[in-house]
Each structure stands twice: as structure tokens, then as C-alpha cells.
Amino acid sequence: MEIFMDNVRVRFAPSPTGFLHVGNVRTALFNFLFAKNRGGKFILRIEDTDLERSEKEYEDALVRDMKWLGLNWDEGYLVGGDFGPYRQTERLKIYKKYALKLVEGGKAYYCFCKKEELEAERERQKARGEIPRYSGKCRNIPIDEAKKKVEKGEEAVIRLKVPKNYKIVFEDIVFGHQEIDSSQVDDRVLLRPDGTPTYNFACVIDDFEMKITHVLRGEQHLSNTPLQALIYEMLGINPPIFAHLSTINGPDGKKLSKRHGATSLVEFREKGYLPEAMVNYLSLLGWSPPDEEEIMDVEEIISKFSLERVSKSPAIFDVQKLNWVNREHLKKADLDRLVQLVIPYFKKEGVFLDVNDDIKKFLKLILDGFLTHVDYLSQITKECNMIFDFNPENIVEDEEVKKILSREAARDVINCFYNKIKNIDYLDFENYKNAVLSCMKELGIKGKNLFHPIRVGITALSSGPEIEKIVDIVEFGSRCDLLKKVIPVKDRVKSVLDVLNG
RNA sequence: GGCGCUAUCGUCUAGGGGUUAGGACGGGUGGUUCUCAGCCAUCAAACCCGGGUUCGAUUCCCGGUAGCGCUGCCA
């Protein structure tokens, strides 16, 4: 269906009226993947023709988010290129040129109807149960007369003169052949009195001017495409190939919104999701790899990506699966990198103000012990809370711990363990192992009857990472220059024994 | 209301005129490790409904239903 092209040019064209959310990102991602897979160009264009709602702040956020994800664009906003400018409000002259061309060719006309009048009329039509449409009142004003009015300074918009009884046809890679009667499309406004274009017009002009070969965008634009296809035709130019991407909805099947929790990309970044995990998960929404391997890095996704495997049905954003994808990438990630990523969360908790090499090593030990416990990085501080908040009283409060202590010889184990370590200055792995070993021999206890009490002795808790890892973290942490002190093993066991002995 | 789009386990999906309808997340169970997490094994779980076409439809066609989108001088 699709003609092979080796000069693929695609674009992501967001409007800076809010923060990038997962739906937009998926669209950006698919454009990026397609471009890279085909060795083409990925272009970023800013559609800021909605003067009311567009904000510079959102443009900045958008750039930051795209960069974070690694969706680097080859051409466009901020990086430049041969077809700029790439922000629509800077391209007003271009739209005007094309709009005038349509007017001259009798394909569009000036409309002098007042905005308020039209709105009132729409309301009336709706009230009567009719389909709200433009009456076509100005459609037949002779062009010379209209021009004169415009010259006199009368406010006018330019509307498309949609032909009657006309079949509009276009192809969509995802949704297939589309046919619609021109009676379904209204004489839409192309250019506003202030010279700004409306979305559907600007979009066509820019895609043409920027030599866009494939338009991949959200499914909500499928209904706009007949209008756009018509504009291409009236302009006598060839449309690009369309590929609409199904919507991503919230868990209730409704449009993604605040009440579904995090939806904007910033939120996910702040929570400590890895960018490669976001990319991976989002790539799986509406597209599936040809094999059954779901965990992929960007390069793999690029190499496997094709529009043929994009599905038509809407998808629901599932945080559970995102979490799994993120955990998988967390496992594969370089520990030193994760240390860097985790620093802000510990700072926020007041664990330290500045990092030094010791603290980095300490964080590395924490990650080694607790990483398998988290879905995303910001959870780490809470997960490793036991390192900082040691509460010996817990042994008389926690049911699980009480159960362990009620077992025979539990106290003896803790006592024995304490005696073995009380004179050791720094309990390293060897020392710890030896202490445990001699307790084992001395008391003739092994397995859970040995380790459970030791765990309680050190943490006052019944569960957590491997004891030797905790020993490592706690001992090293106690020597680090931290705002939140870490109590060393020896003192911990002592405190537990004190509580135990009343 | 009109027009358009969509419909496979709870979720993401594969598949496709004849299959034990496959995988993944999540859930259940069991194993492993001192415990939790993890890891391994294992189980339950789906073709929206009704008509056609056909020897045979989950798959193709039509209708219904539901959801979503468009119906703006928003994008």
C-alpha cells in the first residue's frame, strides 16, 4: 500500500498549551521510531496558533521532556533547518500567501459574518435539533466586492469553499482507505482576521512546505483529515501519507486525565522512572514487536519498528505494566548511574546535603540491597528506611518479630552474636561471617533459628534484604558523614538486648 | 442528533476461514533463599451480540450494542 520512500520526513507538532502527557509522547515516539527505522528525518514543529493558551513555559518543558526521553529531533524548533521557521506564529506570511491563492482561484472566500452571530446561530440550530453548520451566507459575495470591503478595513476571515457532491478520498496506513462525502465538511475558517491560521490549514501548509512525507498523529485527527485532504486538493498539491495512532485512555477507558494519577511526563520523571523504560512501555501501546520479547532498548525498538504492526484499537494505560518494564530496566541499568539519579531523593529526605565518594559508595550499597524492592527510584528512600530509623522497641510491638523471639534460644542467639561482635571495631563481611559461624557451632543452631534472631538483633524487624547486605550498609553508613546518622550493628544489637532484658 | 473510527483473557497484545486461540503484566498456587523483594515452576482467565457467506467462522460481509473521536475564528 505504501510506496517505498528513502527520504522519509516526519514531524511531531505539539501545541504548547500544557505539559506533554503520555498520549502525546507516544505520538512523538512513533514518529521518532519510524524516522530512525527508515533513516529519515524527525522534525519538531511548534503549533502555537492558539494565542490564548500557548505559553513559552510549555515549550521549554516540552523540549526538556523530549530530550530526557532521548527523542532528539534532526530539524525544527531550536535546531533549525532548511524549512523554517518551525514555530507557526512566525510563519504567518506563508499561510496568508496560500490563503490568498485559494481566494484568487475561487477555492476560498472572504466571510464577514460576526463571530457572535455565528455562535448564536449555532445554538439555534442545535436547539432545533439540526446539525450546526455555517449558513454559507458570504459564499457567493462576488470576489471584487469582498476585496473592496476588506480594503476598507472590514474584518473578515477566509473560509474554504467546499465543493458540493464531492467524494473526498484518502489513504491511511493504519486505518486503511477512507471515503467521505463533501457534504460532511463545512466551509471551515482557514485564516482568522488577525492573520493567524486555524489548525487544519496551518497543518496542511506546513506539512507541504516542510516536505513531510508521513503524517503520524493521534486518532482524533482522523476526522479532520477529510478537510485537510480537500485543502491539499484545492491547492493542487499532493498530500502526505497518513497514519493515525489510536488513543491512549485511562483505566476506566475514558480520556486520560488528572484523576487517573500521573499522566504528564514530568511526573514520571520526578517519580524516578527511567526514560528508556518509558520509551519501552509506550512503544508497546498500539504497536507490538514481531517476536515476543517485550523488554527492549531504543535501538532494538527502532530496528523492529514498522507501521504495519500498529494496531487500530485504543489502548489503556496500565501503570502496573509500566512498573514491571521499569523494574526490568532498573535491573539492567548501571549502578553508578542509578546512584546519581537517586541522590536528589535522599537530599530531599535530609540524609545529606552534599555527596562525597563515601556517600556515593553508601548509596550504591543501598541500591544493591533494595533495588529489587522498588518499582521506581523515588520509592527507594522509603524502602530503605530501616537503615536510618532503627527502633528497638519494635521487638515488643511487631507480631512477626515477637513470634521469632518467642522461639527457643532466640535470645541466646542474639546474646551470643553480640558477644562475638562487641569487640570488633568494624564489622566487615569476614568478621560477620565468622561471628555467625561461631554462634552456629557454639549453640548448635542453624538455618532460620539462627538467622531470624540475628536479623531481629540488627534491624528489630522480621524482614528485609539479606542480612550480610544490611550489615554492610549499616556499618559503612555509620562511618559516612551523614545528616541522618546510621547506627552501627554493635549498638543496634545492644539496644535490642536492652529492650529484651527489660 | 449527524458523520467517522474501534471491538481477542481484568490490562497490553499475537494470530487468523479448520489452532489445545499464543505471549506479557497483574492475580492464584508451589519451589528456592534466614525473611521480604527477586528468581524458577505452575494454574485460572478472552475471540461483544444477532444475522448472513461457507462444508466450516473468533477471523469475511451486514445490522445491533458499547466506547471513543469530529461536528469551533481549539489543536
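For the numbers below, each heavy atom of this structure counts, side chains included, while hydrogens, waters and symmetry mates do not. Letters A, B, ... mirror the listed sequences (proteins, then strands); counts begin at 1.
Within 4.0 Å of A:Lys126, counting heavy atoms only, lies no atom of the nucleic acid at all. Counting any heavy atom pair closer than 4.0 Å across all strands shown, A:Lys448 reaches sugar-phosphate atoms only and no base atom. Across all strands, A:Gln220 comes closer than 4.0 Å only to sugar-phosphate atoms, never to a base (heavy-atom distances). A:Arg53 comes within 4.0 angstrom of a base, heavy atoms only. Using a 4.0 Å heavy-atom distance criterion, A:Pro14 is classed as making no nucleic acid contact. Nucleic acid contact class of A:Arg309 (heavy atoms, under 4.0 Å, all strands): sugar-phosphate only. Using a 4.0 Å heavy-atom criterion, one finds that A:Ile180 contacts the sugar-phosphate atoms exclusively. A:Lys115 comes within 4.0 angstrom of a nucleotide base, judged by non-hydrogen atoms across all strands. When heavy atoms are screened at a 4.0 angstrom cut-off, A:Pro465 is found touching base atoms of the nucleic acid. Base contact: A:Asn224 has a heavy atom under 4.0 Å from a base atom. Residue contacts for A:Thr17: at a heavy-atom cut-off of 4.0 Å it reaches no nucleic acid atom on any strand shown. Across all strands, A:Ile467 comes closer than 4.0 Å to base atoms (heavy-atom distances). At a threshold of 4.0 angstrom between heavy atoms, the contacts of A:Gly218 with the nucleic acid are absent. Base engagement by A:Ile131 is indicated by at least one non-hydrogen atom pair under 4.0 Å involving a base atom.
To the nearest whole angstrom, the two P atoms, one in B:U59 and one in B:G51, are 13 Å apart. Rounded to whole Å, the separation between the P atoms of B:G18 and B:C60 comes to 11 Å. B:U29 and B:C48 are spaced 32 Å apart, taking the C1' atom of each and rounding to whole Å.
Taking 4.0 angstrom as the limit, A:Lys255 places none of its side-chain polar atoms (N or O) nearer than this to OP1 or OP2 of B:G67. Distances shown here put a side-chain N or O of A:Arg122 below 4.0 Å from the OP1 or OP2 atom of B:C73. In this structure, A:Arg188 reaches the B:U71 phosphate: one of its side-chain N or O atoms is under 4.0 Å from OP1 or OP2. For the pair A:Lys312 and B:A7, the criterion of a side-chain N or O lying under 4.0 Å from OP1 or OP2 is not met. Applying the 4.0 Å criterion to OP1 and OP2 of B:A75, one finds that A:Thr49 has a side-chain N or O inside that range. A close approach under 4.0 Å does not occur between any side-chain nitrogen or oxygen of A:Gln184 and OP1 or OP2 of B:G2. Distances shorter than 4.0 Å separate some side-chain N or O of A:Arg327 from OP1 or OP2 on B:G26.
Mapped onto RNA chain B by nearest heavy atom, A:Lys331 and A:Tyr134 fall at different nucleotides, with A:Lys331 at the one closer to the 5' end.
When both distances must be under 3.5 Å, the Watson-Crick or G-U wobble mate of B:C3 is B:G69. When Watson-Crick and G-U wobble pairs are counted only if both distances are under 3.5 Å, B:A24 pairs with B:U11. B:G30 is paired with B:C40 under the Watson-Crick or G-U wobble criterion, all donor-acceptor distances under 3.5 Å. The base-pairing partner of B:U35, taking Watson-Crick or G-U wobble contacts with both distances under 3.5 Å, does not exist among the strands shown. When Watson-Crick and G-U wobble pairs are counted only if both distances are under 3.5 Å, B:U19 pairs with no nucleotide at all.
Comparing B:U35, B:G4, B:G72 against the side chain of A:Pro132 picks out B:G72 as the nearest. The side chain of A:Leu284 has B:C12 as its nearest neighbour among B:C5, B:C12, B:A75. You'll find that the side chain of A:Ser288 is closest to B:A14, out of B:C12, B:A75, B:A14. Ranking B:G22, B:C5, B:U11 by closeness to the A:Gln178 side chain, first place goes to B:C5. When distances run from any side-chain atom of A:Glu292 to the nucleotides B:C25, B:G22, B:U6, the shortest one goes to B:G22. Relative to the side chain of A:Thr247, the nucleotides B:G38, B:C68, B:C73 differ in distance, and B:C68 lies closest. When each of B:G23, B:G10, B:A75 is scored by its nearest atom to the side-chain atoms of A:Thr198, the top-ranked nucleotide is B:A75. Comparing B:C25, B:U13, B:U6 by their closest approach to the side chain of A:Ser313 singles out B:U6. Closest to the side chain of A:Leu285, out of B:C12, B:A14, B:A24, is B:C12. Considering only side-chain atoms of A:His373, the nucleotide from B:G67, B:A37, B:C25 that sits closest is B:A37.
For the pair A:Lys149 and A:Tyr110, the cation does not sit on the ring face, since its NZ or CZ is not both under 6.0 Å from the ring centre and inside 45° of the axis.
No donor-acceptor pair closer than 3.5 Å links the side chain of A:Asp207 to the backbone N or O of A:Pro240. The closest donor-acceptor contact from the side chain of A:Asn31 to the backbone of A:Val10 lies at 3.5 Å or more, if one exists at all.
When each of A:Tyr345, A:Tyr281, A:Tyr273 is paired with A:Tyr376, the ring pair (Phe, Tyr, Trp, His ring centres under 6.0 Å) condition holds for A:Tyr273 and for no other. The one candidate from A:Ile366, A:Leu363, A:Leu371 that meets the side chain to side chain contact (heavy atoms under 4.5 Å, CB included) condition with A:Val342 is A:Leu363.
Within a 6.0 Å sphere centred on NZ of A:Lys304, other residues, nucleotides and ligands contribute more than 12 heavy atoms. For CG of A:Asn165, the number of neighbouring non-hydrogen atoms (other residues, nucleotides, ligands) closer than 6.0 Å is 12 at most.
Counting only heavy atoms from C-beta outward, the side chains of A:Val63 and A:Tyr77 approach each other to under 4.5 Å.
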